[in-house]
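Everything quoted here is computed from the prediction, not taken from an experiment.
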Amino acid sequence: MGKYYFHATTGDYLRNFNKTLGFALFFERHERQLRAWYLCKKLKITERELDNIELGRGVLKLNLLKKLLSFYGKRIDLRLVTPDKDETDNAVPEEFYEAIYDSFEDLEEVTES
């Protein structure tokens with residue numbers, strides 16, 4: 001999966017984030033030439049659930065996201081930046097930092113504590 005950059009264009013940041021993430025997951029499935037029905041059968045999810053996550057519709061279900069990431073052998077890295085007052089977005093794509101947590105499970109343990 002390549003690097004995808006989230007650039008909010010409207011005030012609905014959560015919807016924009018879900019759509020960006022959904023597109024990345026859709027692209028990953030197509031890069032691997034996987035049919036939706038095959039992936040759904042393998043992960044024991046419905047095609048509607050896969051559609052919703054890939055299209056960024058509704059509430060993001062973390063259990064589905066975890067299944068997809070595990071299947072693809074991928075993780076999500078997030079980085080927060082402070083934009084300059086003169087710029088709408090000063091995120092530099094080449095500046096990526098090491099993940100704080102080794103896995104999704106580590107992050108869940110911290111958030112549950």
Side-chain angles (χ1 to χ4, degrees):
M1 187 180 297
K3 294 178 182 175
Y4 293 87
Y5 302 99
F6 169 70
H7 299 283
T9 55
T10 67
D12 195 350
Y13 300 111
L14 186 56
R15 183 169 185 224
N16 286 334
F17 175 78
N18 285 346
K19 286 185 172 284
T20 304
L21 178 59
F23 175 76
L25 292 168
F26 171 83
F27 187 75
E28 183 68 24
R29 181 169 62 83
H30 281 267
E31 280 284 301
R32 295 170 183 245
Q33 298 180 351
L34 296 171
R35 300 276 187 179
W37 65 266
Y38 173 79
L39 184 60
C40 291
K41 183 177 179 181
K42 200 84 167 146
L43 298 179
K44 298 180 178 156
I45 62 175
T46 66
E47 288 191 42
R48 178 178 289 263
E49 289 173 319
L50 181 62
D51 274 350
N52 285 345
I53 202 165
E54 286 185 347
L55 294 172
R57 287 191 298 213
V59 176
L60 179 63
K61 295 183 179 179
L62 293 180
N63 61 332
L64 295 179
L65 178 59
K66 186 176 176 180
K67 283 182 180 183
L68 284 166
L69 292 174
S70 177
F71 180 81
Y72 293 142
K74 301 289 183 176
R75 70 173 192 227
I76 297 173
D77 291 332
L78 298 175
R79 183 172 62 104
L80 299 178
V81 297
T82 304
D84 290 336
K85 293 178 183 178
D86 299 335
E87 298 177 21
T88 56
D89 185 2
N90 71 341
V92 179
E94 293 77 28
E95 293 179 4
F96 281 88
Y97 303 96
E98 291 296 319
I100 297 173
Y101 304 103
D102 292 331
S103 68
F104 199 69
E105 287 79 16
D106 292 343
L107 179 59
E108 286 177 333
E109 288 176 15
V110 171
T111 57
E112 289 173 0
S113 301

Approximate separation, where rounding is to 0.5 Å, of Glu54 CD and Leu39 CG: 7.5 Å
Flag side-chain contact, heavy atom, 4.5 Å: Leu65 against Leu21: yes
CZ/Arg57: more than 12 non-hydrogen atoms of other groups inside 6.0 Å: yes
Single-linkage hydrophobic cluster, 4.5 Å side-chain cutoff, Leu34 and Leu55 together: no
Point-to-point distance, once rounded to the nearest 0.5 Å, from CD of Glu47 to CG of Asp51: 7.0 Å
Straight-line distance of Phe27 CZ to Arg32 CZ, nearest 0.5 Å: 12.0 Å
Joint cluster assignment, Trp37 & Leu68, ILVMFWY side-chain distance < 4.5 Å: yes
ILVMFWY cluster, Ile53 and Val59 together (side-chain gap under 4.5 Å): no
hydrophobic_cluster_shared for Tyr72 and Ile45, side chain cutoff 4.5 Å: yes
Qualifying residues under side chain to side chain contact (heavy atoms under 4.5 Å, CB included), relative to Lys41, sequence neighbours excluded: none
Nearest-0.5 Å distance, CG of residue Leu64 to CG of residue Leu50: 9.0 Å
pair Leu14-Leu60: side-chain heavy atoms closer than 4.5 Å: no
Pairwise distance CD(Gln33) to NE2(His30) - rounded to 0.5 angstrom: 10.5 Å
Side-chain donor or acceptor of Thr20 paired with backbone N/O of Asn16 under 3.5 Å: yes
By side chain to side chain contact (heavy atoms under 4.5 Å, CB included) - contacts of Lys19 (at least two apart): Arg15
Side-chain heavy atoms of Lys61 within contact of Asn52, under 4.5 Å: no
Spacing of SG belonging to Cys40 relative to NZ belonging to Lys67, to within rounding of 0.5 Å: 10.5 Å
